[in-house]
Amino acid sequence: MTLGDMVDVLHAKVLVGEEKLDTPALTACCSDLMSDVLAFVNEKTVLITGLTNPHVLRTADMLDLKCLVFARGKVPTDDILEGAADQGLVVMTTKVTAFTACGLLYEAGLRGVPIEWPEGEEQ
Amino acid sequence: MSSFVHEEYPVAKGDYTRAGEASTDIKRRLRQLGVSSNVMRRVAVASYEVELNLVIHSDGGKLTLDVDTDGVLLVSEDVGPGIPDISMAMREGYSTASEEARSLGFGAGMGLPNMKRNADEFDIQSEVGKGTRISMRFRLT
């Protein structure tokens, strides 16, 4: 699946990075807790979130994420979008909820980020 | 061995707007030095977490970055209030963060465990009423 395919699946509107929609999306994660994202995401992936503050952008920067999807029609402020453009991110917004966005993407073949449990903490 | 890079970043209590600026600069410097993306990302995540901890929990402090041929050394020092029970603070899910921090997506109780997970060596010392010092080393290979 490419980021462009995600736009189709989610009926999303691209806010930043229209020229990068041929980038492959291999995995995704969904969270409003940036601490959790920082803890478990260890690869270049897609983040689906309802949080639109600057820390989403910082988190994306620290982890080298490549795409942000804002659910429930949320659109971040212009300064955040400008920052996203500077970071080379693709940003899109979809009218569906985060739950539905995940369901649609999963149904289309996208899978979650694999979690590596620390030694002795396997569940 | 002298440092290739030595930088200090003051971090103010409660300054959520600037929280993350030091970590952004640290990551930029590591990229300039040609540090591998894997190591760079681990340092960046640990740095961002510890910087946020300074903003959320401390009365102010600073981050110090040193890079030499042995690796990256990241030290966080603050002026209080100190952690009464470090073993509780190290537990995933345990948090004393404010509502403001939580509303921004933090305070999930993942900060310290996440730093430990990303660093090759992790040390925390804290004294109530005095402050906390966290030292993290990252090998370059």
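Quantities reported herein were computed from a predicted structural model and do not represent experimental measurements. Per chain, numbering begins at 1; letters A, B, ... match sequence-line order.
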Chain A heavy atoms under 4.5 Å from [X]: which part of the residue, side chain, backbone, both or neither?
X: B:Ala46; answer: neither
X: B:Thr17; answer: backbone
X: B:Leu52; answer: side chain

Worksheet entry | Side chain / backbone / both / neither for A:Thr59 at chain B, heavy atoms under 4.5 Å |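 Interface part for A:Thr59: both.
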Worksheet item: Mind checking whether B:Met110 and A:Phe40 have side chains closer than 4.5 Å, heavy atoms only?
Response: yes
Worksheet item: How many angstroms lie between atom OH of B:Tyr48 and atom CG of A:Asp61, to the nearest 0.5 angstrom?
Response: 9.5 Å
Practice prompt. With rounding to the nearest 0.5 Å, note down the distance linking CG in A:Asp32 to OG in B:Ser103.
Written response: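 So the gap between those two atoms works out to 11.5 Å.
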Worksheet entry | Minimum-distance pair of heavy atoms, taken over all atoms of B:Gly107 and A:Ser35 | N-OG, 3.9 Å
Discussion item. If we ignore hydrogens and angles and just use 3.5 Å, is the side chain of B:Asn114 paired with the main-chain N or O of A:Leu38 as donor and acceptor?
Written reply: yes
Fill in: Expected output: side-chain B:Arg102 to main-chain A:Leu33 donor-acceptor under 3.5 Å
no
Do [X] and [Y] belong to the same hydrophobic cluster, where Ile, Leu, Val, Met, Phe, Trp and Tyr are linked whenever their side-chain heavy atoms lie under 4.5 Å apart, directly or via other members?
X: A:Leu3; Y: A:Leu57; answer: no
X: B:Ile26; Y: B:Phe4; answer: yes
X: A:Leu104; Y: A:Ile48; answer: yes
X: A:Leu26; Y: A:Leu68; answer: no

Tell me if the [atom1] atom of [X] is crowded by more than 12 foreign heavy atoms within 6.0 Å.
X: A:Arg111; atom1: CZ; answer: yes
X: B:Gln32; atom1: CD; answer: yes
X: B:Lys116; atom1: NZ; answer: no
X: B:Arg137; atom1: CZ; answer: no
X: B:Arg28; atom1: CZ; answer: yes
X: A:Glu107; atom1: CD; answer: no

Worksheet item: B:Ala108, B:Ala44, B:Gly105: which one forms the most heavy-atom pairs within less than 4.5 Å of chain A?
Response: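 Between B:Ala108, B:Ala44, B:Gly105, the count favours B:Gly105.
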Item to complete: Using a cut-off of under 4.5 Å on heavy-atom pairs, state which of B:Met115, B:Arg42, B:Glu21 scores highest against chain A.
Response: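 Ranked by heavy-atom pairs under 4.5 Å with chain A, first place is B:Glu21.
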Worksheet entry | Intermediate values then yes/no, side chain to side chain contact (heavy atoms under 4.5 Å, CB included), B:Ser23 and A:Met62 | CA-CA 8 Å; B:Ser23 302; A:Met62 296 306 142; 3.7 Å; yes
Worksheet item: In terms of ring plane angle, is the pair A:His55 and B:Phe106 parallel, tilted or perpendicular, where the classes change at 30° and 60°?
Response: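 Because their plane-to-plane angle is over 60°, the rings of A:His55 and B:Phe106 count as perpendicular.
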Fill in: Chi angles and distances behind the side chain to side chain contact (heavy atoms under 4.5 Å, CB included) call for B:Lys27, A:Asp64
CA-CA 11 Å; B:Lys27 193 177 181 205; A:Asp64 298 326; 2.4 Å; yes
